[in-house]
Number of protein chains: 2
Amino acid sequence: MLESFVFHFGEMGSRWGFNRTVGQIYALLVITEEPISANEIGECLNISRGNVSMGLKELSSWQLVHTLHKPGDRKDYYHTNGSIWDMANRVFEERRKREIDPTLSLLRDILLDNPGNDAEKYAQVRIDEIYRLLENITQWAQSLQSLSPEKLDTLMKLGSGVGKVLDIKDKLLQKQQ
Amino acid sequence: MLESFVFHFGEMGSRWGFNRTVGQIYALLVITEEPISANEIGECLNISRGNVSMGLKELSSWQLVHTLHKPGDRKDYYHTNGSIWDMANRVFEERRKREIDPTLSLLRDILLDNPGNDAEKYAQVRIDEIYRLLENITQWAQSLQSLSPEKLDTLMKLGSGVGKVLDIKDKLLQKQQ
DNA sequence: CTAAAGGTTCAGAAATTTCTGAAACTTTAG
DNA sequence: CTAAAGTTTCAGAAATTTCTGAACCTTTAG
């Protein structure tokens with residue numbers, strides 16, 4: 001049963017920016033309370049020692065694992081740190097840095113060019129749309145990250161009810177004018 | 001310049017659930033105003049006719065392209081439809097169906113199992129966290145999709161200022177009590 | 001200082017994904 | 001009905017990604 005979780009997260013991993021093994025290692029660490037050694041990970045998942053090492057390196061670069069040392073033992077022990085929400089945030093943040101930011105910078109460059117003909121003019125209009133959308137979404141996502149967890153929770157629970165709250169806000173502003 | 005856009009989106013494509021060619025075809029269609037034929041796409045991107053056909057099939061399954069016919073011409077012509085925002089929505093919706101929903105269903109199954117020991121008990125607690133997070137986020141995203149574009153725009157522009165609006169809402173509710 | 005225990009690296013092997021192009025299929029003009 | 005114009009399919013080739021394991025590096029107990 002739990003193996004199916006680890007296996008499934010391996011497949012999912014590739015959607016989130018890392019490969020199957022990395023996904024499996026991560027899933028294993030998430031559901032294991034005690035920190036475990038690299039050897040144990042390898043045995044558990046049936047992968048080579050080298051592959052475990054590379055996987056853990058990748059997860060560290062995403063800041064998703066912690067290393068521990070037990071006194072009188074020189075092995076490294078690994079575990080995941082933070083709540084699931086922290087981890088989701090970290091993946092989001094990291095992907096923004098690695099993917100969205102370079103894309104935005106490329107689009108910006110393209111938009112600075114003078115269009116040579118109508119086709120290029122049209123293309124720039126479309127690219128500008130994409131640029132604005134991407135920028136809006138990432139800025140918004142970042143501002144949400146700075147919200148306190150409780151407020152974020154309230155907001156999520158509101159769901160589309162947030163529309164009504166916005167209406168109230170508008171009315172208040174009108175009265176003040 | 002525009003080639004770099006097409007090329008970059010090819011790379012990006014793999015992050016969004018489809019392969020390089022599909023990403024390039026899509027990028028090309030987005031920045032091309034006039035509908036173009038499958039042959040033109042192949043020439044433009046230097047890919048085989050068969051590959052173009054498969055790519056377009058994939059894009060259709062994501063509902064991201066439209067087929068057109070010119071009178072007196074039996075070729076198919078392709079173009080993208082809808083605003084960039086529509087497209088982002090469609091990709092989100094489609095990925096939810098293909099990835100998130102199966103994941104949620106797997107997690108639900110695991111949570112129904114009776115834990116056999118402490119390790120399994122711990123694993124279930126963690127999996128439950130993941131389950132609730134995923135469900136929260138997708139439900140929220142869906143309720144946002146049902147918001148009118150203007151409201152969504154207001155909300156995005158508010159950014160973290162949405163926190164203050166929530167405070168106002170709370171105060172109003174207290175007065176009413 | 002030495003050797004044992006553990007970690008990392010990376011060249012090439014294995015697995016997986018993507019692409020090609022020829023054959024098969026579909027549609028329609030004549 | 002036939003043939004030309006066009007599209008789709010899919011087996012195998014090519015490209016890409018991932019994985020292994022032996023060589024190498026690092027740390028520390030003695």
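So that the names make sense, note that chain A is the first sequence line, chain B the second, and so on, each numbered from 1. Bear in mind the structure is a predicted one, so any value in this text is a computation, not a measurement.
- Among the heavy atoms of the strands, none lies under 4.0 Å from A:N39.
- Residue contacts shown for B:R49 include a base, since a base heavy atom lies under 4.0 Å away.
- Interface limits on DNA chain D: the 5'-most and 3'-most nucleotides within less than 4.0 Å of chain B heavy atoms are D:dA4 to D:dT16.
- When heavy atoms are screened at a 4.0 angstrom cut-off, A:T21 is found touching the sugar-phosphate backbone but no base atom.
- Because its NZ or CZ atom is both nearer than 6.0 Å to the ring centre of B:W62 and within 45° of the ring axis, B:R98 counts as a cation-pi partner of that residue.
- Comparing A:V22 and A:R74 by the nucleotide of DNA chain D whose heavy atom lies nearest to each, the residue mapping closer to the 5' end is A:V22.
- Note on A:N19: only backbone sugar-phosphate atoms sit closer than 4.0 angstrom, heavy atoms only; bases stay farther off.
- Salt bridge absent: A:E135 and A:R132 never bring a charged side-chain N and a carboxylate O closer than 4.0 Å.
- Within a 6.0 Å sphere centred on NE2 of B:H66, other residues, nucleotides and ligands contribute 12 heavy atoms or fewer.
- The phosphate of C:dG7 (OP1 or OP2) has no side-chain N or O of A:K57 nearer than 4.0 angstrom.
- Each of A:F18 and A:G50 lies near DNA chain D, and the nucleotide nearest A:F18 is the one positioned closer to the 5' end.
- With a 6.0 Å radius and a threshold of 12 heavy atoms from other residues, nucleotides or ligands, B:F7 has its CZ atom at or below the threshold.
- Using a 4.0 Å cut-off between charged side-chain N and carboxylate O, A:E93 and A:R96 make a salt bridge.
- With DNA chain C read from its 5' end, the first of the two nearest nucleotides for A:A38 and B:S48 is the one closest to A:A38.
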